[in-house]
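In each ligand, atom 1 is the first atom listed, and ligand 1 is the first ligand listed. Fair warning: this is a prediction, and the values are worked out from it, not measured in the lab.
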Amino acid sequence: MNNEKIWKSWNENIQHSYKKLHTITSEKELQQIIIASENIKIFGNKQSSADISAGADTLIDMRAYDKMLSIDKKNMRITVESGMRLSTLLEKLEDLGWCIPCLPDINTITVGGALATGTHGTSGSILAQYMCACHVVLADGTIEEVTEKDPLMDALRVAIGMLGVISEVTFQCQPSYQLHLKEGPEKDEQWLSEIKTNLKKHDFLRILWLPHTGSGYVIKGDKIDAATPVQTKLGPKYLKHRRTVSKFLYQYSHRFAWTTALANKILYRLFFSSKKEHKGSLYQATVTKSRGSTLELAEWTVALDRFPQVFAEIKSELNAWSNKSFVHIPMDVRFIKKDQSWLSYAYGQDTVTMGCVSRNAATADTYEAFETVERIFLKHGGRPHWGKRFQAKDAQLSKLYPKWEDFKILRKQMDPSNKFLNAYTTALLNENPEDYKTQRVAI
Ligand SMILES: Cc1cc2nc3c(=O)[nH]c(=O)nc-3n(C[C@H](O)[C@H](O)[C@H](O)COP(=O)(O)OP(=O)(O)OC[C@H]3O[C@@H](n4cnc5c(N)ncnc54)[C@H](O)[C@@H]3O)c2cc1C
């Protein structure tokens with residue numbers, strides 16, 4: 001009998017053997033396991049497409065470490081354990097009449113996983129920017145309390161699990177609000193030229209770009225008073241089957257890439273050509289609550305001002321029949337406000353993000369669109385999503401992130417024995433312990 005223990009990511013594209021797997025329910029347990037382990041990886045809901053959550057002998061599953069710890073009504077702050085699912089946190093906030101004003105399109109991920117990879121939504125900041133305090137368990141087991149006033153916070157907010165394990169997290173919340181959302185197709189020329197105007201005019205903007213159709217599906221939202229009546233139009237009932245129909249139409253696209261272009265045109269007619277109107281909280285109205293099947297994701301980000309040029313090149317390559325970079329729809333275009341977190345996509349610049357999805361997770365290695373999109377974004381200084389698929393390593397990343405070298409030095413200071421690295425993150429950093437012996441970064 002084969003007793004090898006195998007860790008598998010959500011879509012099973014990443015698999016690693018391991019020796020010990022711990023499930024923790026307290027900070028104390030977390031601390032003890034970290035002290036006792038030489039090399040360790042922490043995982044949340046295993047929904048990253050990048051190899052950042054396992055590949056070490058000792059693994060910690062954070063998902064049972066998920067209690068609500070305190071609510072500070074006066075200052076609108078909530079403190080939770082980092083293994084809590086986003087759905088649990090967001091439902092609690094809805095009950096309190098509060099919100100985190102920028103949410104990703106997924107609620108099954110854990111708070112710790114979301115923070116570590118710079119998970120984001122649209123028309124606001126990355127989720128980690130709303131963290132105002134936390135506990136971090138360091139490689140030697142020390143628990144450090146960090147607040148937004150500490151310089152370390154800017155390095156810690158997005159750290160891909162490499163600086164320590166975030167245990168308790170406090171979010172600064174805001175009063176909940178209702179959005180009046182209007183959705184519908186727009187020609188590429190129109191939505192592209194109106195991005196800056198729409199970002200000023202609307203509280204919420206998201207564009208699902210539809211290659212091979214010449215159009216995007218544009219979602220605009222405005223904050224309204226909860227009592228304001230809105231005539232709800234949700235389109236035909238069959239719209240809810242979009243993901244299932246997409247999966248069916250793309251089933252042979254890895255063998256006959258060109259069938260993607262036909263599938264996209266059909267999907268556009270069926271699912272993206274009608275207009276919708278509705279209202280709800282940000283969470284109710286914009287976060288997908290259930291997904292029938294897995295997928296593989298890449299996502300790239302670039303400064304807002306450079307996006308039109310990037311888009312022109314992406315469109316011309318992805319729509320061309322002369323290569324095999326046919327891409328499944330939609331390509332999700334979102335917007336994040338500039339911040340100061342060292343490894344944030346929006347470090348120092350207002351940013352546009354563009355998703356790239358393969359609905360056949362198992363054949364993602366042969367999906368040429370991932371390579372094409374990466375090549376074009378890199379050419380324009382684009383930054384990859386840490387939790388998604390990309391090839392770039394230290395040589396490229398050091399040019400994209402002004403604080404990359406500082407992060408590497410700090411990481412070495414905080415984790416001198418490389419306890420929190422696996423093979424993937426070692427390669428990502430081009431880690432060579434000798435390089436860091438004499439360097440210090442002031443924190
Ligand atoms: C269907 C789908 C939709 C998605 N939508 C979005 C989206 O809208 N926006 C977006 O930005 N991203 C999105 N993502 C990406 C996703 O948000 C990230 O990959 C996220 O990190 C996954 O969280 P997880 O709980 O599964 O963490 P995992 O994938 O298990 O772990 C991710 C990383 O976090 C580290 N980590 C986990 N917990 C801690 C902790 N407590 N302290 C320190 N490090 C920790 C792990 O070691 C690992 O390095 C989506 C992914 C999928 C599959």
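Summary of contacts: the protein heavy atom closest to atom 32 (C) of ligand 1 is Ser48 OG, 3.4 Å. Nearest protein heavy-atom neighbour of atom 35 (C) of ligand 1: Ala116 CB, 3.6 Å. Among protein heavy atoms, the minimum distance from atom 26 (O) of ligand 1 is reached at Gln47 N, 2.8 Å. When hydrogens are left out, the protein atom nearest atom 46 (C) of ligand 1 is Ile42 O, 3.0 Å; that is the closest non-hydrogen contact. The protein atom (non-hydrogen) at minimum distance from atom 51 (C) of ligand 1 is Leu297 CD1, 3.6 Å.
Residue Gly44 has at least one nitrogen or oxygen atom sitting less than 3.5 Å from a nitrogen or oxygen atom of ligand 1, judged on distance alone. Considering backbone and side-chain atoms together, Met62 places no N or O closer than 3.5 Å to any N or O of ligand 1. Taking only nitrogen or oxygen atoms, main chain and side chain alike, Gly113 reaches within less than 3.5 Å of ligand 1. At under 3.5 Å, not a single nitrogen or oxygen of Trp10, backbone or side chain, sits near a nitrogen or oxygen of ligand 1.
Atom numbering of ligand 1 starts at 1 in the shown order; those under 4.0 Å from a heavy atom of His385 are 10 (C), 11 (O), 12 (N). Within ligand 1, counting atoms from 1 as listed, the ones closer than 4.0 Å to a heavy atom of Asn45 are 24 (P), 25 (O), 26 (O), 27 (O), 30 (O).
Closest to atom 4 (C) of ligand 1 by heavy atom, among Ile106, Asp51, Thr301, Leu59, is Ile106. Looking at Ser53, Gly112, Ala50, Gly355 and measuring to atom 31 (O) of ligand 1, the nearest heavy atom belongs to Ser53.
Checked against the 6.0 Å centroid threshold, His212 and Phe326 count as a close aromatic pair.
In Arg63, neither the side chain nor the backbone holds a heavy atom less than 4.0 Å from any atom of ligand 1. Contact annotation: for Ser82 versus ligand 1, heavy atoms closer than 4.0 Å belong to the side chain alone. Contacts of Ile166 with ligand 1, taken as heavy-atom pairs under 4.0 Å, involve both backbone and side chain.
Using modelled atom types and a 3.5 Å distance limit, the side chains of Tyr347 and Asp154 yield no donor-acceptor pair.
Using a non-hydrogen distance threshold of 4.0 Å, Lys388 registers as a contact of ligand 1.
Residue Ser167 forms a side-chain hydrogen bond (donor to acceptor under 3.5 Å, both in side chains) with just one option from Lys28, Gln31, Glu27, and that option is Glu27.
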